[in-house]
Amino acid sequence: MTPGVHQVTGWGLVSLSAFIAIYYSIWVIILPFVDQDQPIHTFFLPRIYAIAGPLVAGVIALTLIGAFVLYVTVSPKKVKKS
Amino acid sequence: MAVSKLFQWLICLTSFLAVWLSYVLGLVQTKFSEEMNEIIIALPIYLLILFACVLLGMIGHRVATFNDCELASKELKEHIDAARQDLAKKGYKFASDWKS
């Protein structure tokens with residue numbers, strides 16, 4: 001890596017995680033206390049997706065990981081040539 | 001107290017889940033408002049997402065502040081040079097100096 005690229009990557013990751021944390025906090029913790037007719041609600045999907053989205057993503061991820069582990073475990077071992 | 005990191009996390013997790021489940025399953029009588037109820041229902045997933053964000057931020061911070069120790073590298077090279085000169089003085093022949 002040329003100098004500076006990993007700084008940009010690192011601080012990019014930090015700001016991405018900070019943005020996700022703040023956005024999700026507002027979505028889940030603050031929005032239930034804001035009235036439905038306030039304009040801030042146009043920036044967020046309906047609240048059910050805040051719970052269903054991560055849940056579905058987690059189920060899919062765990063399924064893929066499980067399928068991969070099963071595949072690696074069941075498939076016959078290759079004989080090493082040496 | 002010699003409790004391993006795994007058990008510290010497991011104790012935190014189970015005590016949180018005990019309180020949360022007892023609320024969600026209605027084992028305790030509470031008088032929270034409708035908004036508070038919605039937040040409490042989503043709390044485990046919210047904490048999970050927040051945990052993931054903290055870990056991602058830690059990785060990013062470590063990547064950003066990763067230093068490559070140029071001073072130490074220079075010092076080490078000086079030590080190697082000094083050792084080579086010392087060995088050469090004593091008649092040691094280096095493989096890298098061989099000419100066929």
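Here is the naming used below: chain letters follow the sequence lines, and residue numbers restart at 1 for every chain.
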Winner by heavy-atom pair count (cut-off under 4.5 Å) against chain B, out of A:Ala50, A:Ser17, A:Ala18: A:Ser17
Take atom CD of A:Gln38 as the centre, draw a 6.0 Å sphere, and report whether it contains more than 12 heavy atoms from other residues, nucleotides or ligands. yes
Can you list the residues that meet the side chain to side chain contact (heavy atoms under 4.5 Å, CB included) rule with A:Ile20, with sequence neighbours excluded? A:Leu16, B:Cys53
Listed by residue number, which members of residues 23-34 of chain A have a heavy atom under 4.5 Å from any heavy atom of chain B? A:Tyr24, A:Ser25, A:Val28, A:Ile29, A:Pro32, A:Phe33
Checking B:His61, B:Met58, B:Arg62 against A:Val14 for side chain to side chain contact (heavy atoms under 4.5 Å, CB included), the one that qualifies is B:His61
Please classify the contact of B:Leu50 with chain A as side chain, backbone, both or neither, using a heavy-atom distance under 4.5 Å. side chain
Give a yes or no on whether B:Phe16 atom CZ has more than 12 heavy-atom contacts from other residues, nucleotides or ligands under 6.0 Å away. yes
Look at B:Glu38, B:Glu34, B:Met36 and state which one has the largest set of heavy-atom pairs under 4.5 Å with chain A. B:Glu38
Answer yes or no: are there more than 12 heavy-atom neighbours, outside B:Phe7 itself, under 6.0 Å from its atom CZ? no
Could you pull out all donor-acceptor pairs under 3.5 Å where a side-chain atom in residues 61-76 of chain A meets a protein atom, sequence neighbours excluded?
unit_1	atom_1	unit_2	atom_2	d
A:Thr63	OG1	A:Val59	O	2.5
A:Thr73	OG1	A:Val69	O	2.5
A:Ser75	OG	A:Tyr71	O	3.0
A:Ser75	OG	A:Val72	O	3.4

Report yes or no: do B:Leu43 and B:Ile45 belong to one cluster of Ile/Leu/Val/Met/Phe/Trp/Tyr joined by side chain heavy-atom distances under 4.5 Å? yes
I'd like to check B:Ile49 versus A:Pro54 (side-chain heavy atoms, cut-off strictly below 4.5 Å). Are they in contact? yes
Report the residues that fulfil salt bridge (Lys or Arg N to Asp or Glu O under 4.0 Å) with B:Asp86, sequence neighbours left out, ordered by chain and then residue number. B:Lys90
In terms of hydrophobic clusters joined by side-chain contacts under 4.5 Å, are B:Ile59 and B:Leu48 together? no
If you draw a 6.0 Å radius around CG in B:Leu6, do more than 12 non-hydrogen atoms from other residues or ligands fall strictly inside? yes
Output the distance between atom CD1 (B:Ile39) and atom CZ (A:Arg47), rounded to the nearest 0.5 Å. 6.5 Å
